[in-house]
Every structure is written in structure tokens, then in C-alpha cells.
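Here is the naming used below: chain letters follow the sequence lines, and residue numbers restart at 1 for every chain. Scope of the values below: all heavy atoms of this structure, side chains included, with no hydrogens, waters or symmetry mates.
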Amino acid sequence: MRNIFLFIRRYFNLILFLLLQGFSIYLIIHYSNYHKAIFSETANQLTGKVNDKYSQVEYYFQLKKTNDFLLKANTQLYNKLKANFQFPDTTSNFLIDSIKVDSMERFRKYRYYAAKVVYNSVAAQNNFIVLSRGSANNIKEGMGIIDINSGVVGIVTEANAEFAVVMSLLHKDSHLSGKLLKGGETGTLNWDGKTPNIISLNGIAKNAKVAIGDTVISSGYSTSIPKGMMMGIVQEVKSDKSTNNFLIKFKSSANFYNLEYVYAIDNSQTESIKIILEKVKQKTQ
Amino acid sequence: MNSLVKNIIRFSLFILVQIFILDKIHLHQMITPYIYFLFIIWLPFRLGHTQQLLIAFALGFTIDSFRHHPGFHTAACLLIAYIRPLLINLFNPQEFADSNYEEPSIKSMGGILPYIIFIGVLTFIHHGWLFLLEAWQFGDIWYFLVKTLLSTVLSLLLILITELLFTRQQKFRTNTV
């Protein structure tokens with residue numbers, strides 16, 4: 001017994017070092033569980049406030065750029081207005097809509113919420129973005145995030161009352177599904193952790209026709225991001241010798257270096273889809 | 001100034017500089033400058049080994065909470081905090097038993113060369129361990145090696161500039177020399 005105490009006293013620092021080192025490696029590996037439990041609540045409160053103050057300062061330096069972006073986004077929206085399109089004059093029989101209730105509201109599937117980016121990183125191997133709005137402003141876990149030019153940015157992984165943390169496309173666990181606009185083939189997005197803004201699209205079979213300059217859009221297979229959101233433009237196509245797939249790399253349309261404002265997309269059908277999936281899972285078990 | 005107050009100010013300054021200046025510089029994907037761990041290198045000589053480990057843990061954990069993925073910097077900081085006292089003993093085994101200086105600096109390490117080697121080794125270990133933990137998940141050895149070397153060089157340059165810009169007043173601990 002005495003020897004054990006002597007041993008501990010002698011190598012106390014080594015033991016402490018190994019324990020703490022083990023703890024931090026445990027954090028790296030079991031990141032998501034731990035993150036959910038403690039990190040979002042305490043760390044987000046603190047670091048979020050500091051980030052918020054900083055971004056207020058930084059905001060003034062980017063006013064011009066923000067203005068340009070908003071102008072561009074506005075132009076795009078104006079171009080989508082119904083008033084811009086004239087219908088061909090073939091409606092010979094004129095029908096009067098007799099329903100007085102505004103029935104459109106019920107069919108609204110997606111709702112967009114604007115949010116400001118207060119923290120953003122591209123240099124790490126797992127990058128996160130922090131938004132200045134949280135569950136108090138309708139931002140929930142699992143919502144998709146797009147930038148102001150409707151380029152996909154990522155998915156909300158964590159939201160408390162004031163802030164929301166977004167796992168950006170530049171994260172090793174980020175596996176959204178993407179689609180080639182031309183052929184419609186669907187693959188999975190993956191980031192190799194090296195060059196920001198360059199993302200690979202895996203799982204496209206070799207019979208697909210892919211060329212440099214093709215557009216990659218979101219597939220709409222998840223509840224977070226609607227179909228047809230711009231993801232990027234193909235930059236490199238190689239055929240993988242070991243599998244029957246292409247190795248495709250594309251440049252993301254969202255520029256992760258200078259995100260200022262983003263939109264969070266709320267899908268009103270998320271809940272009902274979840275319920276159905278749960279039911280199916282219960283049946284199969 | 002009191003050493004404790006000085007170190008608390010230093011702690012927060014290093015974190016703010018790292019998070020809000022150096023992390024915003026996107027030089028190249030291979031080169032990520034880090035400077036915050038200079039806080040650990042500059043800790044007083046007389047601080048106990050255990051305290052150094054705990055301080056390093058706090059520093060790494062704070063940086064990690066800003067980067068939203070806990071563990072990486074904590075692990076790297078702990079490693080250099082554990083190695084630092086051993087390195088100090090290795091560099092100057094005789095003089096530091098009753099050292100006249102408070103913290104490691106060019107003067108107290110006895111010349112610019114030993115100081116650069118001392119800092120260089122710790123920087124290399126810090127970056128190496130940090131990028132190794134990150135690269136583990138991606139598994140590319142060449143990428144890891146080149147990134148570590150380039151980043152170490154840049155961080156060393158930054159540290160030397162810091163050292164030149166902010167000359168630290170080195171107080172004698174005793175008058176009996």
C-alpha cells in the first residue's frame with residue numbers, strides 16, 4: 001500500500017498529464033455527445049457574447065460588401081416576381097375563384113429566417129459557424145443554412161436561446177447529398193479537410209456524364225435543404241480505378257471566407273416526416 | 001506589476017489575438033499561424049509542474065471552446081506544458097537551480113540560439129501533436145508533415161516578432177549574484 005502511495009507521489013505529474021491528455025482525446029472522439037450535454041449551454045453563452053461584440057466591430061468594415069450582396073440578392077428576387085412574367089393569352093374561359101380563404105398559407109413548406117454570422121472558421125479541419133440568432137428567433141436544430149446567393153452553407157447542429165451553431169460543409173462529418181443538375185445523379189458531399197471552398201462529391205457512377213463546369217445542386221432528399229439550392233460548380237473529374245465511381249471535386253458556390261448574412265430554412269413538414277420514420281422504425285424492430 | 005495580474009492579462013490578450021486576428025488570416029490552407037501557446041512558454045520558472053499542467057489545460061480549453069470542437073488544443077497545450085520543465089532542465093541544468101530570472105527569455109536562456117531552439121522544439125511539438133490529432137481523422141501523412149513544418153516556421157517568425165516588439169522587463173529574483 002505504501003509503495004502505491006509512493007509511486008503516485010513520485011509520478012503524480014505524469015499521471016495527471018496522462019489523465020488530462022486522455023480526457024482531451026476523449027473529447028475529440030466523443031465530441032457530439034459531450035457537445036450536446038455541456039458545451040452548447042455554457043461555452044456558447046460565453047464565447048457567443050465575445051464573438052457578438054467582435055462581429056459588431058467587424059460589421060462596419062464590411063458594410064460596403066454587405067450592401068453589394070444585398071443588392072444582388074434583391075435583384076434576383078425582383079427577377080422572380082410574378083409580375084415580370086406575362087401569361088400567354090389563351091385563357092378563353094374565365095374562372096372566378098370562389099374560395100374566399102387564402103388557401104396558399106397552408107401549403108407553405110419552407111420559411112426563411114435571416115441571421116447574422118458572428119463566428120466563422122475555414123482553417124480548421126472541422127469548421128463551425130455561429131449565428132447571432134437561436135431558438136428564440138425560430139432557429140432550430142436540423143435547419144438548413146444557405147447564403148444570400150442561395151448557396152448551401154451547412155446545417156444547424158445546436159441552438160440555444162441566443163445563438164445557433166452550424167456545421168458548415170467544411171466539416172468531416174458533414175454528409176449532405178448533392179445532385180448534378182444536368183443528369184440528375186445523386187451523390188454524397190464530403191470534405192477532405194484541405195482546401196476550403198473545394199468539396200468532393202462521392203458516389204456518382206461512371207456511366208454519368210460529368211464535365212468541368214457542371215452545376216451541383218441540393219437533392220432535396222433531406223428535410224433540411226430544399227431541392228435545387230446551388231451547391232457549386234464542378235472543377236475536377238477523375239475516375240476512381242478501384243471503384244465504379246467518379247472522383248468529383250467542385251467549388252462551393254457559398255464563399256466560406258466571407259460569410260456575413262445567411263438564411264435558415266424552416267421546413268414545416270420536418271415533424272410529420274420524423275413521426276412517419278419513427279413508426280417505420282418501430283415496425284421493423 | 002504583480003506576476004499573477006500580469007499573467008491573467010497576458011492570458012486573455014493571447015486568446016483574443018489568436019481567435020480574432022490570427023484565426024481570421026487565411027494565408028494558405030497549409031499554413032495556420034498559432035501564437036497563443038507562447039503564454040505557456042513564458043510562464044515563470046518557479047511555477048510547479050502540476051500548476052503548469054492545469055494552466056495549460058485551462059488555456060487549451062478556452063481556445064477550444066471558441067473553435068467549437070473541444071479537445072485538440074487542450075491536448076497540444078498539455079503536451080508542451082509537460083515537456084517544458086524537462087526542456088528547461090536540459091538546456092541549463094546548473095544555472096536554473098537558483099535562477100536569477102523569472103521567465104524564459106533571450107537573456108535568461110543565455111543567448112538567442114538556445115532560446116530559439118527551446119521555442120522551436122516546443123512549437124514543433126505543439127503543432128505536430130495538434131495536426132496529428134486532426135490528421136488522424138483524415139489520414140494523410142505527407143499533408144500532415146508539410147503542414148506542421150510550414151506552420152512551425154511561420155509561428156516561430158511570429159513569436160520572434162512578438163519578442164522584438166514587446167520587450168519584457170526581466171527582474172532579478174535575488175540581489176545575491
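The parts of L79(B) that come within reach of chain A are both its backbone and its side chain, each placing non-hydrogen atoms under 4.5 angstrom from that chain. With a 4.5 Å cut-off on non-hydrogen atoms, T32(B) touches chain A through its side chain but not through its backbone. For a residue to count as touching a neighbouring chain, one of its non-hydrogen atoms must lie under 4.5 Å from one of that chain's; by this rule F20(B) touches chain A with backbone and side chain alike.
Put simply, CG on N13(A) and CD on Q52(B) are 9.0 Å apart, with the number rounded to the nearest 0.5 Å. Considering CG of L16(A) and CZ of F57(B), their distance stands at 9.5 Å, rounded to 0.5 Å.
Interface residues of residues 247-264 of chain A toward chain B, defined by a heavy-atom distance below 4.5 Å and sorted by number: Y257(A). Close approach to chain A, defined as a heavy atom under 4.5 Å from one of its heavy atoms, is seen in K147(B) of residues 146-154 of chain B, taken by number.
Contact of the Y82(B) side chain with the L14(A) side chain is registered, since non-hydrogen atoms from C-beta on lie closer than 4.5 Å. In this structure, L27(A) and F61(B) have side chains that are in contact, with non-hydrogen atoms separated by less than 4.5 Å. At least one side-chain heavy atom of W129(B) sits less than 4.5 Å from a side-chain heavy atom of Q21(A). Looking at S121(A) and D23(B), their side chains never come closer than 4.5 Å, going by heavy atoms from C-beta outward. Inter-residue side-chain proximity for T74(B) and F23(A) is flagged as unmet; no heavy-atom pair is nearer than 4.5 Å.
Taking each heavy atom of S24(A) and L78(B) in turn, the nearest pair found is OG-CD1, 4.2 Å.
With F17(A) as reference, L53(B) is the one residue of T50(B), L53(B), I83(B) to meet the side-chain contact (heavy atoms from CB on, under 4.5 Å) rule.
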